[in-house]
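Okay, so here's the structure we're looking at.
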Amino acid sequence: MALTTIECKGVVKGKVAGKVLFSRKPLSFIGGVDPETGIIQDPLSDQYGQSMADKILVFPFGKGSSGAGLVLLELARVGKAPKALVNLRTNTVLLTGPLVMREFYKKEMPVVCVNEAGMEILSQAGEATVDSTAGEITLTA
Amino acid sequence: MYLTDYDKSLLNGDFGEAARIGMSILTDLGETMGAEKMISISMVHDDSAWYSGLAALEFAEHLVDLGGKFCVPTSLNSCLMDLEKWQEQRFDPELYIIHKRIEKAHTSLGASASWTCAPYFAGFVPRFGEQVAWAESNATNYVNSIIGARTERYAGLLDLCAGLTGRVPYQGLHCPENRRAEVLIKLEGFKEDDFLDDAIYDMLGYVHGEIVGDRIGAMEGLPLHSKIDGLKRFSATSASSGGVGLFHLIGLTPEAQTLEMAFHGKKPKDVVIVTPERLRESEERMSNSSPKEINMVTVGCPHLSHAECESLLTAFAGRTVHSSMEFWAFTNRCNKQHMEKNGMYEALRRCGVKIYTDGCPMSSPFDRWNFTGIMSNSGKFSTYCFSYSGIKPVYGSLEDCVETAVAGTMQRSAKSWH
């Protein structure tokens, strides 16, 4: 099968591969994600009950509380963080987690942004490699 | 990104390792967001004391160990529990011990132990146009939209970096050009009297957040005499249903006295009409329409103002909370002191109201404490409660909350949008 490659804009550096967890809806981390397990517990999320641990987490943008960074840093501490964030639009609140964990825990969580068409392709993706530096997401399954 | 000599010396560690870490994270943020320079901020609201695991505490303690000190006035956001009445609230001692560590770390860095999510009701109020770094979604929304100061939507952890350095990247909502509204929301079919009940501000805030998502909206049609408590509720609820850091209420928001000002002279990209029916639909998503019973009523999310506590006392009219019920009211420490002096604290206590400070009702594991049905007058609480506790609460006005608590069964008055 030919590999599908999606262009993306690298925001936070890094290259990782993993299973894709795709949410069509915006996501709130505080209250919406269990910081001990990485399980999405926002009842309005279309991925309610799914774990983001070790996944390429794809969602359009963050919503809700500004505590997202606290949850992402805690997920990094307990080893349940997503491998990468893929968004339509990112923001300061979401970037806090990856930026602080790089400085404090020396852990990388690349963040990239894609366009609407890229999101649609990712909605069907099983596994992907995110290369923030090259600005590419490659679907591997 | 252009860095001043001061920025470079911060990055170089000349002001200590803690300030270097803070500056390193902030300049990374600036680079990733394409900021042209760093700017000074004059205040910080610190939301990193919110316990969601040990990571944030370890980070704060690390900064203390490195000798870190905040260089601007810093207020502290609410934590999970009342630090004096945590046992009455039924919190575990282990969690209390962690909170004492959190308190020590943040006050050692120089934060005031204000412990409130509404610092603007506790003496921490910037001026119009002032550049600040506030975290906590309701607080950032309020300070941008109601006061007209300028903050990006800071997250817990970045607030610490801003406090240690007094600097932030000039990007996002710090820049006037990024504060332009894109979506116009027009109210239609509402009457002047509909705005007398603060509850409508929660509903309008909820709908606003749903419509705009992470864009900036402008709402036209709110009365110019809207009270500050209603505007607080709009801020809190719109920040929970959407990714809202700034909204324009035409005629109320300082920088949006006219549509022209809100849209910077340009045309809205999108116009949405909101009718009472839209509020009804949204309330169905926000509120539990068929609870089994109610045995907990909680108000004060965000923390109650002095005026709201007065309304609460008026609503009780000397009656008391039913024996099958708990009634929890959350406020800040300053207001509690005022109420102790003027007799309101004792009067509310005699009605059976338990008044808590410091903590946030959202953080209470009500399900573990065997509460099965909750009513709240907070759109923000209603949005988050289910994912925190597995209980979908009933939304009610402050008066509904009091009537329910007195009767011991759910009481909801018809609203203008029903």
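Order of the sequence lines fixes the chain letters, A, B, ..., with proteins taken first and strands second; residue numbering starts at 1 for each chain. These numbers come from a predicted model, not from an experiment.
You'll find the side chain of A/L95 reaches within 4.5 Å of the side chain of B/M33, heavy atoms only. B/F59 is not listed as a side-chain neighbour of A/M101, based on a closest heavy-atom distance of 4.5 Å or more. Between A/Q41 and B/Y388 the shortest side-chain heavy-atom distance does not fall below 4.5 Å. Between B/D28 and A/R102, the closest side-chain pair of non-hydrogen atoms falls below 4.5 Å. Between B/R153 and A/T92 the shortest side-chain heavy-atom distance does not fall below 4.5 Å.
The stretch residues 48-57 of chain A places A/Y48 near chain B, each with some heavy atom under 4.5 Å from a heavy atom of that chain.
A distance-only check finds no donor-acceptor pair linking the side chain of A/E74 to the backbone of B/A56 [under 3.5 Å].
When heavy atoms are compared at a cutoff of 4.5 Å, B/T140 does not approach chain A at all. Using a 4.5 Å cut-off between heavy atoms, B/S240 contacts chain A through its backbone alone, with no side-chain atom that close. Proximity to chain A (any heavy atom under 4.5 Å) is restricted, for B/A239, to the backbone atoms N, CA, C and O.
The residues A/K63 and B/D214 are annotated as not salt-bridged, no charged nitrogen and carboxylate oxygen being separated by less than 4.0 angstrom.
The shortest non-hydrogen separation linking B/A55 to A/F104 is O-CE2, 4.1 Å.
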Enumerate, atom names and distances included, each donor-acceptor pair closer than 3.5 Å involving a side-chain atom of residues 13-35 of chain A, sequence neighbours excluded.
unit_1	atom_1	unit_2	atom_2	d
A/S23	OG	A/K25	N	3.2
A/S23	OG	A/K25	O	2.9
A/S23	OG	A/D46	OD1	2.8
A/R24	NH1	A/E120	OE2	2.8
A/K25	NZ	A/L44	O	3.2
A/S28	OG	A/I30	O	3.1
A/D34	OD1	A/E36	N	2.9
A/D34	OD2	A/T37	OG1	3.2

